[in-house]
Amino acid sequence: MRCMVMLDIKFIRENAEKIKWASQVKKIECDVDKLLELDAALVKLRQEIQNIQTEKNAAGKKISKASPEEKKQIIESMAQLKNREKDIQTQLDEMEPAYQSLLLQVPQIPSEDVPVGKDDTENVEIRKVGAIREFDFTPLDHVELGQKLNLLDIPRGVKLAGARSYFLTGNGALLHWAVIRFAVDFMVKRGYFPMYPPMIVREQVMRGTGYLPGGEEQAYMCERDNLYVAGTAEVPVTAYFSDEILNQADLPKKFVALSTCFRREAGTYGKDTAGIYRIHQFDKVEQVIVGRNDEQQSIELHEEILANSEGILQALGLPYRVMNVCTGDLGRGQVKKYDIETWMPSRNSYGETHSASRFYDFQARRLNLRYRDENGKIQFCHTLNNTVIASPRVLIAILELYQNADGTVTVPEVLRPYMGGMETLKRR
RNA sequence: GGAGAGGUGGCUGAGCGGCUGAAAGCGACGGUUUGCUAAACCGUUGAACGGUUUAUAACCGUUCCCCGGGUUCGAAUCCCGGCCUCUCCGCCA
């Protein structure tokens, strides 16, 4: 994973204005002019050094056949060349780091159909699906339900592990596993290849997927081992084929991965403190696609992974809406992102439960993830990913929406096979 | 944790300091043969960057045999550091 280029420098040269625009609407700092200036200077120096090397090589070839006196001469002139070379090399070495770090800041250009906006308040709703339930009694929130039905124990989680920690207990744990198994099976039926990935990964995997630099504060890290704890299976699964060259015929590769996810949630003190909405550890079923370098195909696959997740929510009978995430809320590498927000009565609003991202070759470049196309040319892949289900966050919606006046919770039908046929969650 | 081995092209695997961008095999691609398939035979087959050019074609140049330094007129080949992988022993599950 040596290739740390965000976007191809040639592309940047030719699309400087678009990138400036992207940096502006994404609110990501990036000095394109400075980058191009450095780039031009570097190209010039590299040409000079190349000429010197040509001379050196020629001299080196002569030397083995030269007479002793000639050898002396050649070696002397070589010494001069080497001095000049060293000079230029020093200049190059001085400029390179600045160039590299500027290059790393270059954002991916958003798709044309992404709304321009400053932050998540300007995301645009694409559609709403499912009717919001009207209660004819006063509904409880998931924390109260969890307590009453012994599904959830936050205080003891906090006792052992600090804020944003919890236990799922009894039927709560069973419901959690049921949701996950349902989601995995759903995706496997749709032809996705199941994976259970390592979640403690090397730094270059985090860099390759775009979480570093920038996400240092969000990720747990094992300092002794210099390894990072990934916040999502997207990280190891997208990096699965890094540094490899795949066959075009094998693409797209579609994966469904289940993992526990760890997030520090630094800088969110006071945000979403109630319940199990924002927590340090959760399980997530994730879908990841590695495809051809073909924008049209990526667009279609993006719709496909979105449809998969909508299928899950519909099967669970949860009302949701699909958001077209605006430029200001897009990550550096994302071309376009759909968020799915599921209705959560206690929040009296939709809460984000899914996030479907399209990167084109942004991650693949950093991961050195390539394939050979029909002409034998090596191309960078395209990558995409989306949540299938993240639990326990989704349990908020399930518990609150499926609660009954008597304080019990009905088990959604599709989950019952995974709960030994249980139809209702009662206190036990 | 202790001791050792090693990192070469899509893969496996050779490689006296100049003739090695790299043997050989496999794979892939093109062709011959063939009722079809298979087999056999012949040929082609690394990447990035820069220049010439209408050209992602051809040609020329430079760099690249894990990364970074060093020795040398010259390094895949010698030396040092780093990263990574593997084996044995110990420990643990």
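No experiment lies behind these values; they were computed from the predicted model shown. So that the names make sense, note that chain A is the first sequence line, chain B the second, and so on, each numbered from 1.
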For residues 158-173 of chain A, dump all side-chain donor-acceptor pairs below 3.5 Å to protein atoms at least two apart in sequence or in another chain.
| unit_1 | atom_1 | unit_2 | atom_2 | d |
| --- | --- | --- | --- | --- |
| A:Arg164 | NH1 | A:Lys271 | O | 3.4 |
| A:Arg164 | NH1 | A:Asp272 | O | 3.3 |
| A:Arg164 | NH1 | A:Arg278 | O | 3.2 |
| A:Arg164 | NH2 | A:Thr268 | O | 2.8 |
| A:Arg164 | NH2 | A:Thr268 | OG1 | 3.2 |
| A:Arg164 | NH2 | A:Lys271 | O | 3.0 |
| A:Ser165 | OG | A:Ala161 | O | 3.4 |
| A:Ser165 | OG | A:Gly162 | O | 2.9 |
| A:Tyr166 | OH | A:Gln281 | O | 2.5 |
| A:Thr169 | OG1 | A:Asn150 | O | 2.9 |
| A:Thr169 | OG1 | A:Asn150 | OD1 | 3.3 |
| A:Thr169 | OG1 | A:Leu151 | O | 3.4 |
| A:Thr169 | OG1 | A:Leu152 | N | 3.3 |
| A:Asn171 | OD1 | A:Arg428 | NH1 | 3.3 |

Fill in: A:Glu244, CD: over 12 other non-hydrogen atoms inside 6.0 angstrom
yes
Practice prompt. Identify whether any heavy atom of A:Asn247 sits under 4.0 Å from a base atom; if not, whether one sits that close to sugar-phosphate; answer base, sugar-phosphate or nothing.
Written response: nothing
Practice prompt. Would you indicate what A:Lys56 reaches in the nucleic acid, counting non-hydrogen atoms under 4.0 angstrom: base, sugar-phosphate, or nothing?
Written response: nothing
Fill in: N or O in side chain of A:Asn226 less than 4.0 angstrom from B:rC83 OP1/OP2
no
Worksheet item: Does A:Lys82 place a side-chain N or O at less than 4.0 Å from the phosphate oxygens OP1/OP2 of B:rG74?
Response: yes
Integer-rounded Å distance: [N] [atom2] and [X] [atom1]:
X	N	atom1	atom2	value
A:Leu246	B:rC11	CG	P	11 Å
A:Ile52	B:rU63	CD1	P	12 Å
A:Glu85	B:rU62	CD	C1'	11 Å
A:Glu374	B:rU56	CD	C1'	13 Å
A:Glu55	B:rG74	CD	C1'	16 Å

Discussion item. What I want to find out is whether A:Lys148 reaches A:Glu144 closely enough, with some N-O distance under 4.0 Å, to be called a salt bridge.
Written reply: no
Response to the item:
Given protein heavy atoms under 4.0 Å, the one-letter contact record of nucleotides 46-52 of chain B, with B base, S sugar-phosphate only and - none, is simply -S-SBS-
Worksheet entry | Any-strand Watson-Crick or G-U partner of B:rG43, both distances under 3.5 Å | B:rC29
Worksheet item: Does the side-chain contact (heavy atoms from CB on, under 4.5 Å) test come out yes or no for A:Phe282 and A:Arg393, once each step is laid out?
Response: CA-CA 8 Å; A:Phe282 56 96; A:Arg393 186 178 278 191; over 6 Å; no
